[in-house]
Structure formats: C-alpha cells, structure tokens
There are 2 protein chains.
Amino acid sequence: MTRVVVDVVMKPEILDPQGQAILGALGRLGIEGVNSVRQGKHFELDVDDNLDDETLTRLADTLLANPVIEDFTIRR
Amino acid sequence: MTRVVVDVVMKPEILDPQGQAILGALGRLGIEGVNSVRQGKHFELDVDDNLDDETLTRLADTLLANPVIEDFTIRR
C-alpha cells in the first residue's frame with residue numbers, strides 16, 4: 001500500500017475569493033507579514049503499490065481537479 | 001518572501017463523506033487499486049521571511065483549520 005498525495009490549486013489567473021477572505025481576516029486578528037493566501041484541495045489516497053502514474057493522472061484529472069480552472073500535483 | 005504550505009486534513013476518526021463519494025465514483029470510472037480517499041484543504045501563503053513559526057501556527061489553528069476535527073501540517 002502506498003500513500004499518494006494530490007494537491008489541487010486554482011490556476012494563477014483564476015480569482016480565489018476564499019483566499020481573499022482569509023487574507024482579510026488576518027488583519028482583524030492582528031497578524032502581519034502575510035502577503036497572499038490561495039486555497040486549494042488536498043487529497044490523501046491509499047493505493048496499491050502497482051497502480052501506475054497514468055491511472056493516477058487520469059484519476060486526478062477526472063475526479064479530483066477541474067482542469068479548466070485548476071492545476072494539480074501528484075506526490076508518491 | 002517565503003512560500004509556506006499548510007495542509008489541513010480531517011482527524012482519522014472523523015467521517016469524510018467527500019472522500020467516500022470520490023471512492024464510490026472510482027468504481028464507476030473503472031479505476032481499481034485505490035483503497036481509501038480522504039479530502040482536506042491545501043493553502044499556499046506568501047509570507048515575509050521573518051514571520052515566525054509561532055505566528056504561523058496561530059494563523060493555521062485559528063483561520064485555516066478547525067482544531068476540534070482537523071489536523072494541520074505546516075511546510076516552509
């Protein structure tokens with residue numbers, strides 16, 4: 001069994017209102033020094049050792065991310 | 001400027017219906033070999049180089065995660 005992590009983030013040109021809301025809340029908490037916040041999704045998968053990269057990419061591209069507006073990275 | 005990544009995941013004993021839904025969809029896509037899926041949140045922050053770990057932990061604990069049901073990890 002292998003642990004695979006897939007991180008999905010909005011493409012840089014796509015607005016991220018959740019990140020903007022967090023950035024606004026930081027000021028009210030009195031935390032300075034944060035210049036940008038982007039929110040994405042994080043998936044942890046337990047997969048069989050012989051699951052190939054092509055299948056993982058198809059899985060991420062189909063189920064986990066919307067490739068029109070999101071990028072993803074896969075880490076084994 | 002430093003890029004900091006915060007990953008937030010549900011504690012293991014908390015049910016994850018989104019992960020369960022993805023696992024169910026895998027079967028319909030014909031993808032085998034995935035045994036478990038857990039969905040969390042992924043944050044990318046651009047922070048000043050001198051922002052200390054204590055402040056980052058307070059930020060994650062207050063704004064990014066709900067410590068009652070979620071765990072988080074911080075990577076610089």
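- Neither the backbone nor the side chain of B:V5 comes within contact range of chain A; no heavy atom of the residue lies under 4.5 Å from a heavy atom of that chain.
- Note on residues 29-52 of chain B: pairs passing salt bridge (charged side-chain N to carboxylate O under 4.0 Å, His left out), not counting sequence neighbours, are B:R3-B:E44, B:R3-B:D46, B:K41-B:E70.
- Within residues 19-28 of chain B, the residues approaching chain A closer than 4.5 Å by heavy atoms are, in numerical order, B:I22, B:A25, B:L26.
- Side-chain contact between A:I31 and B:L63 is absent, with no heavy-atom pair separated by less than 4.5 Å.
- At a 4.5 Å heavy-atom cutoff, the contact between A:T62 and chain B is made by side-chain atoms alone.
- The two residues A:N35 and B:V47 have their closest heavy-atom pair at ND2-C, 3.9 Å.
- The candidate with the highest count of non-hydrogen atom pairs below 4.5 Å against chain A, out of B:Q18, B:M1, B:H42, B:R58, is B:H42.
- A chain of hydrophobic side-chain contacts below 4.5 Å, direct or via other Ile, Leu, Val, Met, Phe, Trp or Tyr residues, connects A:L64 to A:L56.
- The part of B:L51 that comes within reach of chain A is its side chain, from C-beta onward, which places non-hydrogen atoms under 4.5 angstrom from that chain.
- In the hydrophobic clustering of this structure, A:L45 does not group with B:M10; members are Ile, Leu, Val, Met, Phe, Trp, Tyr whose side-chain heavy atoms approach within less than 4.5 Å, directly or through other members.
- In the hydrophobic clustering of this structure, A:F43 does not group with B:V8; members are Ile, Leu, Val, Met, Phe, Trp, Tyr whose side-chain heavy atoms approach within less than 4.5 Å, directly or through other members.
- Taking B:L29, B:D7, B:V4, B:T55 one by one and counting their heavy-atom pairs under 4.5 Å with chain A, the maximum is reached by B:D7.
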